[in-house]
Amino acid sequence: MDGELHPAAARLLGLLRRLWDAAPAPLRRLPPVARVAEQALQPRFFTDPLYRTAVLLPPSLLLHLLYAVLHLMLGTWYRSVWSAAMAVYHGLLALMRLRLLRVARAQPEGPPTEAELKSCRRCGLTLLAMTPVFASFVMLVVHKGSGARYPAFAIALMLVYTVGVMGAAAVRLRRLRRDRRPALSALRSLSLVAALMSALSAITALAVRLEGADRALLRQALIGTASGAVCVITLGLAIALAVRPAGKRSDRKNQNRTEETTAK
């Protein structure tokens, strides 16, 4: 799995090490920050996708869980069924990502095992079951206007988190089709779903602030269009995970190429 470090990656690694050495001493003495920095400032971080995911995923999962807690607090304080549903959905996504990371770490190098493929299919089936239930809460918000009006600071937190996770998901999406490990591909798919759901939450929070009877149609159109697009993409990713995991597709492609080469 380890490969040769690209010259550009080597220069970036040297720059990051110099920046870490120049960081304030109190920051470098913080145990969680020091642990992540020690793991990230290794050549293996740039050559081993599984190692890189294992380093970056715990901080990402922590932020994901905090985001779910934010929705749980908003749902409790404002008695919002929408926020409660968002909290449960994000909490389940975080648990699935944690499960997949453990499965990926336990797998040996080489072709994906049946246990890894089963874990990916299980996550896909869970996502398939979760999304229609979540869509029913979206319909409740659209048709009955049950979305709560959140304070500006809560909406700002949602927007900041959404911009961050959307940017990270866009970077991961470029590697999605090249992943040969089903667990890594599934992790990136779940990260994309989490980013889309956070974007939907931010759009809904902004749309609810459009008050007045004359803006009711616009409010419903914004929430309905965004939620419909997110649910369709989520269902597509869930079906792909449940029916044909990435590693299985890669194995079939490699097998077909080998057969074609042999025939020639």
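Please read these numbers as outputs of a predicted model, since none were measured by experiment. When a residue number appears, it is its place in the shown sequence, counting from 1.
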*asked:* I need the F134 CZ to M86 CE distance, nearest 0.5 Å.
replied: 3.5 Å
*asked:* Taking the side chain as everything from C-beta on, heavy atoms only, tell me whether L92 gets closer than 4.5 Å to T126.
replied: no
*Any V165 side-chain heavy atom under 4.5 Å of S191 side chain*: no
*If every non-hydrogen atom of L241 is compared with every non-hydrogen atom of G124, which pair is closest and at what distance?*
CB-CA, 3.7 Å
_Heavy-atom check, side chain of L206 versus side chain of Y150, under 4.5 Å_ = no
_Please report the interatomic distance CD(Q42) to CZ(R17), rounded to the nearest 0.5 Å._
6.0 Å
_For the NZ atom of K118 and the SG atom of C123, what is their distance to the nearest 0.5 Å?_
14.5 Å
*Check whether any side-chain N or O of S136 sits under 3.5 Å from a backbone N or O of V133 as a donor-acceptor pair, and report yes or no.*
yes
*Linking I/L/V/M/F/W/Y whenever any side-chain heavy atoms sit under 4.5 Å apart, do Y89 and L65 land together?*
no
*Mind checking whether Y161 and M73 sit in one hydrophobic cluster, side chains of I, L, V, M, F, W, Y counted as touching below 4.5 Å?*
no
*asked:* Less than 4.5 Å apart, side chain to side chain, heavy atoms only: is that true for I203 and T162?
replied: no
*Apply side chain to side chain contact (heavy atoms under 4.5 Å, CB included) to the pair M158 and L74, showing each step before the final yes or no.*
CA-CA 12 Å; M158 292 181 190; L74 292 174; 3.5 Å; yes
*asked:* Keeping S227 on the side-chain end and G224 on the backbone end, is there a donor-acceptor pair under 3.5 Å?
replied: yes
*Check the hydrophobic clustering (I, L, V, M, F, W, Y; side-chain heavy atoms under 4.5 Å; chains of links allowed) and say if L63 and L61 are grouped together.*
yes
_Nearest 0.5 Å, please: how far is CD1 in I155 from CG in L159?_
7.5 Å
*asked:* For the NE2 atom of H90 and the CG atom of L72, what is their distance to the nearest 0.5 Å?
replied: 12.5 Å
*Are any non-hydrogen side-chain atoms of S60 and R97 less than 4.5 angstrom apart?*
yes
*asked:* Side-chain heavy atoms nearer than 4.5 Å, only ILVMFWY residues, links allowed to pass through others: does that put V88 and L98 together?
replied: yes
*Mind checking whether L237 and I233 have side chains closer than 4.5 Å, heavy atoms only?*
yes
*asked:* I want to check something: taking the side chain as every heavy atom from C-beta on, are M96 and M130 in contact at a cut-off of under 4.5 Å?
replied: yes
_According to a hydrophobic-cluster definition based on side-chain heavy atoms being under 4.5 Å apart (Ile, Leu, Val, Met, Phe, Trp, Tyr only), do W77 and Y67 belong together?_
yes
_Side chain T131, main chain L128, donor-acceptor under 3.5 Å_ = no
*What heavy-atom pair brings H64 and A194 nearest, and what distance separates the two atoms?*
CE1-CB, 3.5 Å
_Shortest non-hydrogen contact between G91 and A68, atoms and distance_ = N-CB, 4.0 Å
_Show the nearest heavy-atom pair for residues H71 and S201, with the distance to one decimal._
CE1-OG, 2.8 Å
*Rounded to the nearest 0.5 Å, what's the gap from CZ on R99 to CG on L187? Could you check?*
12.0 Å
*Quick one: are Y78 and S83 in side-chain contact, heavy atoms under 4.5 Å?*
no
*Closest approach of C120 and A186, non-hydrogen atoms and distance?*
SG-CB, 4.0 Å
